Each structure stands twice: as structure tokens, then as C-alpha cells.
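What you are looking at is a predicted structure, and each value in this text was computed from that prediction instead of being measured. Keep in mind that the numbers below use all heavy atoms, side chains included, and drop hydrogens, waters and symmetry copies. Positions are given from 1 along the sequence.
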Amino acid sequence: MLLVADPDAGLIQQLAAALEPEGIHVTGVMDGAQALLQAGALQPDAVLISSSLPVVGPVDFVRAVRLARAVPVLLGIDFGSDTEQALQALAAGATACVARPYRVHELLPLVQAAFRRQGDHRIVLTIGDVELDVTAYQVKVAGHIVHLPLREFELLHYLMRNADRTVTREQIMRHVWHSADAMSTNTIAVHVKRLRARLGDDDDKMIQTVRGVGYRLVSS
């Protein structure tokens, strides 16, 4: 099922008529608050949101959804709209952008790819008491769900994928912040400190600081 969040009810109806023959059921809402509610209640396979979404904007919507699950989010961009907003949405975790008003021949492959992605097997990393579900964007510590902001989730994911190896601050910047630009070492340190607190790593035994180099997550 595709959840479409768009202030234009007529456009939602047109999409539903065009996509239903392709086997894609469409449910529509007209603002971001409704979209958040329905994204949780209906568990759609993908979400298509307009860049002009009212009440809760697209960037805030993506950030909120990413704290709960990894549903693909496609962002519909109007001609001449703010490109910075699109960049922020992509940085927050949106899957792709598509021109709005929508052309079915452009939109359909993106929706089908999103559906296939949801059909993939779940990827779960487990180290000690920490379990990270990549597909659901969920972290559990000793069986209890711990809510992580997106950046801390990606930081933990990167450290767990490289368990028992020292990763440099430069590598963290490139893979977590997706930037090759210089960044204050304090920025990374603050995020590591917050992540340790959320994981209950009070004595820094799990996420160790390698002075002058970076960090290492130990598996035992």
C-alpha cells in the first residue's frame, strides 16, 4: 500500500486511478499530521509526500518517521520550489525525489523499487545486549526499545558494522555525516556521549575512545 500525503485531493484521486491497475493500492491524506498518524496505523509499504505538505512539513515528517521505522519516503517536488528543503529531506532520510505534478511513468518505477525494498529480508545486528534492526530503524537494549535520533542511530549502525575495529573521526564524518568537510571533533564526541548514555554504557566499555584517532565498539 502507498500512502500519499498531498494537499490536492484531486491529485490523490488521479494517482489512485493510475496506480490501482498496476496493483498498487493508494490511501490519501491531506496534511502531515494525518500522514504521521496513518504511517503508524497502516504500516504502508511506501509514502509519497508533497514538498508543500501543511501542518507537519516534509522534513519534520521524514525525521519523525525515521525514528519509528524504515518505510521508504518519496518526496514530490514542485517546479521552482525550495531545493534546500529537498536536500534537508534527503539528509533526514527521504529515499528519493520526484517531480510534482506527478508523471506516472516517472513515479511508478520509484514506487515499485520502494515496495521491493520493503520486501527484502530484515537486517538485524546484535552485539551483547544491543540489537539494531536496520530495516525497522529500531534499537533494543536488553530487550527494551531505545529511541535514538537518526544521527545517533546511523553512528551506532556504523560502529556495529565495524565492531572491534578502530574507526577514525574522518571515517565517521564521511559515513555518518556524509561529508568530507572538516568537522569539530567535539561534535562527534557529543554524539558519542549521548549514544553511550542511551545505551547504558556508563563506563565506556562498549564504545571506547582511541585517543587521537577515533572510536572502537567492542563486541565482548
Spell out, as yes or no, whether a donor-acceptor pair under 3.5 Å connects the side chain of Asp201 to the backbone of Lys205. yes
Taken to the nearest 0.5 Å, the spacing of Leu15 CG from Leu48 CG works out to 6.5 Å
According to the side-chain hydrogen bond (donor to acceptor under 3.5 Å, both in side chains) rule, which pairs have a member within residues 9-24, sequence neighbours left out? Glu20-His25
Please walk me through it: do Val98 and Ile77 pass side-chain contact (heavy atoms from CB on, under 4.5 Å)? CA-CA 6 Å; Val98 62; Ile77 304 293; over 6 Å; no
Parallel, tilted or perpendicular for His175 and Tyr158, by the 30°/60° rule? parallel
Roughly how far, to the nearest 0.5 Å, is CZ of Arg198 from CG of Leu148? 6.5 Å
Can you give me the closest heavy-atom contact between Thr95 and Pro72, atom names plus distance? OG1-CA, 3.3 Å
Working for side-chain contact (heavy atoms from CB on, under 4.5 Å), residues Val190 and Arg194: CA-CA 6 Å; Val190 167; Arg194 290 173 180 168; 3.6 Å; yes
ILVMFWY cluster, Leu90 and Val111 together (side-chain gap under 4.5 Å): no
Under 3.5 Å, is there a donor-acceptor pair between the side chain of Arg151 and the main chain of Val176? yes
Distance check, rounded to the nearest 0.5 Å: Leu155 atom CG versus His191 atom NE2? 8.0 Å
Separation between CG (Leu19) and CD (Gln112), nearest 0.5 Å, reads 9.0 Å
Can you tell me how far CG of Leu74 sits from CG of Leu107, rounded to the nearest 0.5 angstrom? 7.0 Å
Is the side chain of Asn162 donor-acceptor paired with the backbone N or O of Arg165 at a distance under 3.5 Å, no angle test? no
Locate the shortest heavy-atom distance separating Leu75 from Ala89; write the atom from each residue and the value. CD2-CB, 3.6 Å
Which is it for Glu131 and Val124 under the side-chain contact (heavy atoms from CB on, under 4.5 Å) test, yes or no, and what are the steps along the way? CA-CA 7 Å; Glu131 178 183 291; Val124 179; 3.4 Å; yes
Heavy-atom pair of closest approach, residues Phe61 and Val56: N-CG1, 3.9 Å
Rounded to the nearest 0.5 Å, how far apart are CD of Gln38 and CG of Leu3? 7.0 Å
How close do Arg196 and Ile207 get, counting heavy atoms only, and between which atoms? NH2-O, 2.7 Å
NZ/NE/NH1/NH2 to OD/OE distance under 4.0 Å, Asp6 and Arg100: yes
Using the side chain to side chain donor-acceptor pair (under 3.5 Å) criterion, which residues pair with Asp164? Sequence neighbours excluded. Ser219
Scanning both residues in full, the closest heavy-atom pair of Val104 with Ala18 reads CG2-CB, 3.5 Å
So which heavy atom on Val130 is nearest to which on Met160, and how close? O-CE, 3.9 Å
If only atom types and distance count, is the side chain of Ser50 paired as donor or acceptor with the main-chain N or O of Ser52 below 3.5 Å? yes
For the backbone of Tyr215 and the side chain of Thr209, can you confirm whether one donor and one acceptor N or O come within less than 3.5 Å of each other? no
When hydrophobic residues are tied together by side-chain contacts of less than 4.5 Å, even through go-betweens, does Val65 share a cluster with Val59? no
Judged by atom type as modelled, is there a donor-acceptor pair below 3.5 Å linking the side chain of Glu106 to the main-chain atoms of Arg103? no
Side chains of Pro44 and Leu2: does their closest heavy-atom pair fall under 4.5 Å? no
